[in-house]
Amino acid sequence: MAFKVIGVEQGEWAVLGVSGELDLVTSPTLRQRVHDAVAEGHHSLVLDLSDVFFCDSSGVGVLIAARRLIRSCRGRLRLILPAQGASDGSHVNRVLGALGVRRLFDVYPDIDSATADDEEDPLSA
């Protein structure tokens with residue numbers, strides 16, 4: 001599966017759907033797309049990682065950098081990990097947990113819950 005980042009808007013949220021492997025080769029693409037979204041004025045960003053089947057430390061670095069960038073703009077960053085794996089089955093979730101950075105992110109099971117603005121709590125770490 002080739003790496004892809006597809007951007008859509010859902011209400012006030014910019015959603016970047018990421019698929020494929022998030023690694024040393026592909027992570028600069030995601031980093032640039034996040035920067036582009038912020039430059040366009042989107043400070044509410046969802047990264048849909050449902051279709052990411054591999055993530056290495058460079059991919060995690062991009063996620064942490066995205067969090068830092070969004071926070072500097074007083075924005076909101078949410079991650080989508082698949083419902084069946086949001087607690088333990090998703091590769092990205094396991095990597096974030098293994099590195100001890102999972103708690104840094106608000107994680108949701110699907111796009112509807114991630115872009116809802118009710119005060120529902122994200123999935124706990």
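Scope of the values below: all heavy atoms of this structure, side chains included, with no hydrogens, waters or symmetry mates.
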Student: Enumerate the residue pairs fulfilling salt bridge (Lys or Arg N to Asp or Glu O under 4.0 Å) with a member in residues 27-39, sequence neighbours excluded, ordered by first and then second residue.
Tutor: none
Student: Return all side-chain donor-acceptor pairs below 3.5 angstrom for residues 65-72, not counting sequence neighbours, or 'none' if the list is empty.
Tutor:
unit_1 : atom_1 : unit_2 : atom_2 : d
Arg67  : NE     : Leu104 : O      : 2.8
Ser72  : OG     : Leu69  : O      : 2.6

Student: Quick one: are Arg102 and Val107 in side-chain contact, heavy atoms under 4.5 Å?
Tutor: yes
Student: Can you tell me how far CZ of Phe3 sits from CG of Asp23, rounded to the nearest 0.5 angstrom?
Tutor: 8.0 Å
Student: Quick one: pull up CD1 in Ile111 and OG in Ser50 and give me the separation to the nearest 0.5 Å.
Tutor: 8.5 Å
Student: Quick one: does Ser19's side chain have a donor or acceptor within less than 3.5 Å of a partner on Asp51's backbone?
Tutor: no
Student: Please round to the nearest 0.5 Å and tell me the distance separating atom CG of Leu49 and atom CG of Leu30.
Tutor: 7.5 Å
Student: Consider only side-chain heavy atoms of I, L, V, M, F, W and Y, link residues closer than 4.5 Å, and tell whether Ile6 and Tyr108 are in one cluster.
Tutor: no
Student: Supply the atom-to-atom distance Arg76 CZ to Leu45 CG, rounded to the nearest 0.5 angstrom.
Tutor: 11.0 Å
Student: Taking the side chain as C-beta and beyond, is there a heavy-atom pair between Leu79 and Leu96 under 4.5 Å?
Tutor: yes
Student: Check whether Phe105 and Leu99 end up in the same hydrophobic cluster, where Ile, Leu, Val, Met, Phe, Trp and Tyr are linked by side-chain heavy atoms less than 4.5 Å apart.
Tutor: yes
Student: Working to the nearest 0.5 Å, report the span between OG1 of Thr29 and NZ of Lys4.
Tutor: 13.5 Å
Student: State which residues pass salt bridge (charged side-chain N to carboxylate O under 4.0 Å, His left out) with Glu9; sequence neighbours excluded, sorted by chain then number.
Tutor: none
Student: Rounded to the nearest 0.5 Å, what separates atom OG in Ser58 from atom CG in Leu22?
Tutor: 6.5 Å
Student: With Cys55, which of Asn93, Val92, Val18 fulfils side-chain contact (heavy atoms from CB on, under 4.5 Å)?
Tutor: Val92
Student: Answer yes or no: is there a side-chain heavy-atom contact under 4.5 Å between Val52 and Glu21?
Tutor: no
Student: Give the cluster check for Ile80 versus Val8: same hydrophobic cluster or not, with ILVMFWY residues linked at side-chain heavy-atom distances below 4.5 Å.
Tutor: yes
